[in-house]
Structures are given as structure tokens and as C-alpha cells.
Amino acid sequence: MSRPEPYAPGFFRPRGVAMKGEVRVIKLVLSGWFLAIVGFQLFSYLLEVNYSELLLEDLTFFNLPIQFWLSGQLLPLWFILLCALFNFWMDRHAIQSQEGSLRFRLNPDSGEDD
Amino acid sequence: MGGGTIQLLPLAIVVGMFAVLILSGLRNRKRHATEYGFRGSYAGRIGIGAGIASNWMSAASFLGLAGMFYLKGYFAMSYVVGWTGGYVLLLVLIATQIRRFGKFTAPDFVGFRYESDGARTIAALISIVITVIYCVAQFRGIALMVSWLFNIDYIPAVALGTSLFVSFVVVSGLMGTARNQKLQYFILITTFILPLMFLTRKLGYFWILPQFGYGAAIGELQQQFGVNWSEPFADTTLFQWFALCFTMMFGTAGMPHVLSRFYMTPGIRDARWGVVWGLFFIALIYWSAPAYGVLARLIEARHNIPFNAGGNDAADMIVLSVAGLGGLPPWIVGLLAAGGMSAAFSATAGLLMTGSASFSYDIYPHLIRPGATESDKIYAAKGFFLLLAAIVMVLTFRPWGMIAEIAAFAFAVAGNTIFPAFLLGIWWPRTNATGVICGMLTGLVISISSLLFGSVVPAISTLFPLTSSALIGAPLVMIVMVAASYLSAPPSESVRLFLTRQVHDCPEE
């Protein structure tokens, strides 16, 4: 008979309101990250396969071919925005959890609350 | 390499820039260094961001990326997306949590989380392997620039470049200089973008924002010369693009010298915002890099120079050669050389210090000399630093690819080994020592599988290319880690409690 395994929180089994919220926001950020990367490439690929003339000559943004603008300019900007949104959420979450719940941190010098 | 004499003015600019860096470091002199070598001043979130960016910028970003754009057009965009998108993974999944472990190196983290000296030693050896591979890319960049500056052949340039690098590190160390990372980033961004603005203006394009101005050059290249440089998937498949892109991302989140930034920052909130600024500073370079590639193609076409006549060496030096071909004065070319040398020197110094810290802190006192004092460890770190530099120099004599390709191999190893170890170590509490050891060893085999088995089973070369193996490799490693962990005993109660209370800040049940 196998002994019961201890239950520790993880990505698929978050525990507590704060961790569940953190995992939810991580999933949202990673969804935005993944969909933008894959979506832009599929868009470029389908344009090239179906309408290569249109893609290469007509679809431009500030003179840049659309695929260069989407992947080379917009995606890094999107990543910066995602990171900033994540930080805003984490900052707000940290203040709320500081105010509303008992802290379990054992090491007060960790810098977490600075 | 060079076809003339010593490039005196560019050489003077390079020497002057290093003098400025050393003098500035002396002003910031602080004697609180540890044997890890990650010292420097942190002044607010922008300062942390500049530190992250200057730590990240290497010959691969400064020289190699433009070379890939020159040769492969849109395919090189997978480096840009991979090297920026990796920071999203790093921020949301790893950066916040690893600081709570209170460890200083990647092997230290692995040893503590998985309660295994064996896992720690393997992680240390992998960190050293990654360091060596990545430094070969940097040394290649240094050698190509030294070859151009002194007008000597590649092999002597490798030896001279290594001597210059070691001398720089020794002099900086003896004088006790601290890296002024904000100044270093300022030098990098200025020396990369200013020459590009001059070049774009000289060619008659929109020079105020050359990041957009190069679009007209793509059009001219196509309409006047019939070169379809911008076609996305003309010579490569969608799979190859994604494989390289995701390998760069997983590798970014697993590179030991990148992770080390987050152990040392004073506050986690500042560290998180530092990532945003760092990503912005890195993106400034990557928004500009494609311009060098397309302008080089255009100038060659205008002068009837055959495409890639100089081979891989010339392609890796395209940032400098396009400035010369475009008729820019030597002092501007010197700025580019100074920026490239600064990027390569600083990246190599950081990497070799990470590698020697892995040896002196994770291997030496555990395997070679138990009971070693702090002083012994510092001596071991210095000796191993020199040994690593010598090994890298020998490997650089016959590099196996272009700068960006060699760097990509290092990212693939990191993405297949360190990244899964950190990701599951933080987010899947059931992972144990057996799992991580099996996973890291599997990751190593996957990383070199195309070399080992590619000729026998061609599908392996297709699925796990040397530069792009982590798209499939990293998930495979995670499956191995999960399976091996389930087949062995779970981690101890103390690790479970640590993850619950310290890392995820959860209430006990």
C-alpha cells in the first residue's frame, strides 16, 4: 500500500487566494506571449503562401514589410508591455496581501517587501 | 582579413573607450566583492535595467545578429523574438521565485532545491560547458575585430585577442574597478545606433529613426536589384523558425549568467521592474540590427559586389564592413569596433566569472578539496578562469559556425538542461534529485544528438538541430523529469515546507 504523498503547492495545484491569483495572471501573460508569437508567424506564412505579391509589395507599415514590423518591432514592444502589466499586478497583489493576511516569510531580510 | 595597414584611428578609439571604462570603474571602486564576481552599482530600476542589458549584450547581439540578417533575412528575426521573448518567461516563471531561495549560482540552486550534491555537480559542469560554448562565440567576435584592427590573420588574432582580454580582466581586477554598467550600456547603444543613423542618412533614407528607415532599402533592393531579402519563409520552414525562436527563449531563461542577475539585486520589486527596463534597452539594439543586414545587401548590390563573397568571417563583420563600404569616416567605424569589443569583453568576463564561480564554489570544495577556505576558493576561481580562457581560445581556433550560431548552441544546451531544472524545481514540487539528474543528462544528450546520431538517423538532425533543439528537447526533458520523479521517493518534508512557505508564500494546510 503506497503512503500518501505530501501536498505542496505548484503551478497546477496553487494554494491560497494569493498564489491562485498569481498563477492566473501568469497563465494570462503566457497566453498573450504565445498567441502573439505563433499568430504573427502563421499570419506571415499564410500571406506568403497565398498572396506573396500582396504581402511583399503592398502590406507595409512605415515602409517596413508587415512581417518585419510585426515580428521585429511590435513583438518586442508587446513583450515589454506584458512584463509591465505583470509587474503592475504583482505590485498591487503584494500590497493587498501585506494588508490582508498573515505573512509566513521566515527571512525578513529577503527584500520581498521593500 | 584586412587588406591594408593597421586601423590606427579605430584602434585609438577602442583603446580610449577601454581607458574610459577603467577610469570610470575606479571612481566607482568598492571593496565589497565576493568571489562570484557579480559586483557593480545598482541605482534604481533604470540602473538595474541598464545592468541587465549590458550584461546581456555580447558579440552575438552586436555583430552576429546583423550577420545573420545579412545572410538569412527574415529567418534571423527568430533570434530577435527569441532573445526578447525569453525575458517574459524569465520574469513571470523564474525571476521572482529564485531570489527567495537565497542562492548565488545556478548549481547552488539545483543542489539546495533537489538536496543532491550529484545534481549540483552536474549543474556546475553544465554551467561550465555553456560558458565555454558561449565564450567561443565571443572570442570569435573579438578575434575578427582584432584581425581587422591589426591587419593580421585569424589564428594570431585569436591569440592576441585572448591576451588582450585576460590583460584587461587582470588590470581591472588589480585596480579593483567596479563595472559601471550604465556607462557601458550608454557606450553600446551609442556606438550601435549613431553609425546606423549616419549610414542611413548617407544612403538617403529616413535617418532619424533608422529602425523604420531601412524599410525603404528593402523596397529598393527588391525593385532595383530583384533581391527578395524580406520574404519570410523562402528558404526555411515554419518549424525551423519556431524551433530556433523557442530554443532562444528557453535558453534565455536558463543561461546561468542571466539568472545570476536576479540573485544579487537588492529588492525583488526593483528586480522585476529592472527586467522591463532591461528588455526595453535590449530591444533598442534589436530594433536596429536588421537595418545593418539589409543596408549591407543594398550597398553590395549598388557596387556590384557578389553576395557573401567573403564567407562567414565577412558576414560576422558586416556591421563594420558596411560602415566602411558606405563611405562613413574611420572614426565612426572605430565607434562600431569599440562597441563590439566592449560587448564581447564584458560578456566574456561575466561568463567566465560565472563558470569559474561554478568551479570554485560548487565543484572544488565538494569534490576536489573538502574544507577549502574562502581564500582557497578565490585562488581556485582565478586559476580556473585562466584555464577556461585557454580552453576557449583553443576551441576558437576552429569555430564550428558563425557567432550567432555558436551562441545559439549554448542557448540550446541551457534550454535543455538548466531551464527545465529551474522551471520544475519552482513550479512542480514533486520533482526530486533523480528526476533532475535524469532530466539534465537527457538534455545534454538531446543538445548534441544531431552530432552523435544525425548521420545515422537524419530525422534527429531535423527535429533536434544543433542550434534549435530545445523546442522539442525541453518538453521531452520535462517529461523525463516527471517520469523519473514519480518512480522515486518524493522530496523531503523540509523542501516541501520551503516551497510552500518561502517560495510561494502559501498558508499551510
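A note on names: the letters A, B, ... follow the listed sequences, proteins ahead of strands, and every chain is numbered from 1.
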[Y] and [X], any side-chain heavy atoms less than 4.5 Å apart:
X      : Y      : value
A:L42  : B:L238 : yes
B:F212 : A:N63  : no
A:F86  : B:V276 : no
B:W287 : A:L77  : yes
A:E48  : B:E231 : yes
A:S71  : B:Y74  : yes
B:V88  : A:C83  : yes
B:L423 : A:F11  : no

Using non-hydrogen atoms only, which part of B:L93 is less than 4.5 Å away from chain A: side chain, backbone, both, or neither? side chain
Can you tell which part of B:I218 gets under 4.5 Å to a heavy atom of chain A, answering side chain, backbone, both or neither?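 Side chain only.
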Testing the basics here: between [X] and [Y], what is the closest heavy-atom pair and its distance to 0.1 Å?
X     : Y      : value
A:Q41 : B:F233 : O-CE1, 3.9 Å
A:Q67 : B:S230 : NE2-O, 2.7 Å
A:P9  : B:H504 : O-CD2, 4.0 Å

Can you confirm whether more than 12 heavy atoms, excluding those of B:W277, are under 6.0 Å from its CH2 atom? no
Kindly check if the number of other-residue, nucleotide or ligand heavy atoms within 6.0 Å of OH (A:Y45) is above 12?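 Not more than 12 within 6.0 Å, no.
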Among the listed options A:W78, A:F88, A:F61, A:F12, the residue most often paired with chain B at heavy-atom distances under 4.5 Å: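 Going by pairs under 4.5 Å, I would pick A:F88.
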Any idea which of A:V23, A:V29, A:L82, A:V38 has the most non-hydrogen atom pairs under 4.5 angstrom with chain B? A:V38
Measuring heavy-atom distances to chain B, does [X] have an atom under 4.5 Å in its side chain, in its backbone, in both, or in neither?
X     : value
A:L30 : side chain
A:L81 : neither
A:W69 : side chain
A:F34 : side chain
A:L75 : side chain
A:V25 : neither

Decide side chain to side chain contact (heavy atoms under 4.5 Å, CB included) for B:V81 and A:F79; before the verdict, give the C-alpha distance in whole Å, the side-chain angles of both, and the deciding distance to 0.1 Å. CA-CA 9 Å; B:V81 178; A:F79 296 147; 4.1 Å; yes
Of all of B:W83, B:F206, B:Y205, B:Y214, which one pairs up most often with chain A through heavy atoms under 4.5 Å apart?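 The answer is B:Y214.
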Pick from B:P429, B:A283, B:A217: which one has the most heavy-atom pairs with chain A under 4.5 Å? B:P429
Measuring from A:N87:CG to B:W273:CH2, what's the distance to the nearest 0.5 Å? 4.5 Å
When rounded to the nearest 0.5 angstrom, what is the spacing between CD1 in A:I37 and OG1 in B:T84? 8.0 Å
Would you sort out whether A:Q73 and B:Q211 count as a side chain to side chain contact (heavy atoms under 4.5 Å, CB included), showing the intermediate values? CA-CA 8 Å; A:Q73 313 278 12; B:Q211 294 84 357; 4.1 Å; yes
Angle between ring planes, A:F68 versus B:F69, binned at 30° and 60°: parallel, tilted or perpendicular? tilted
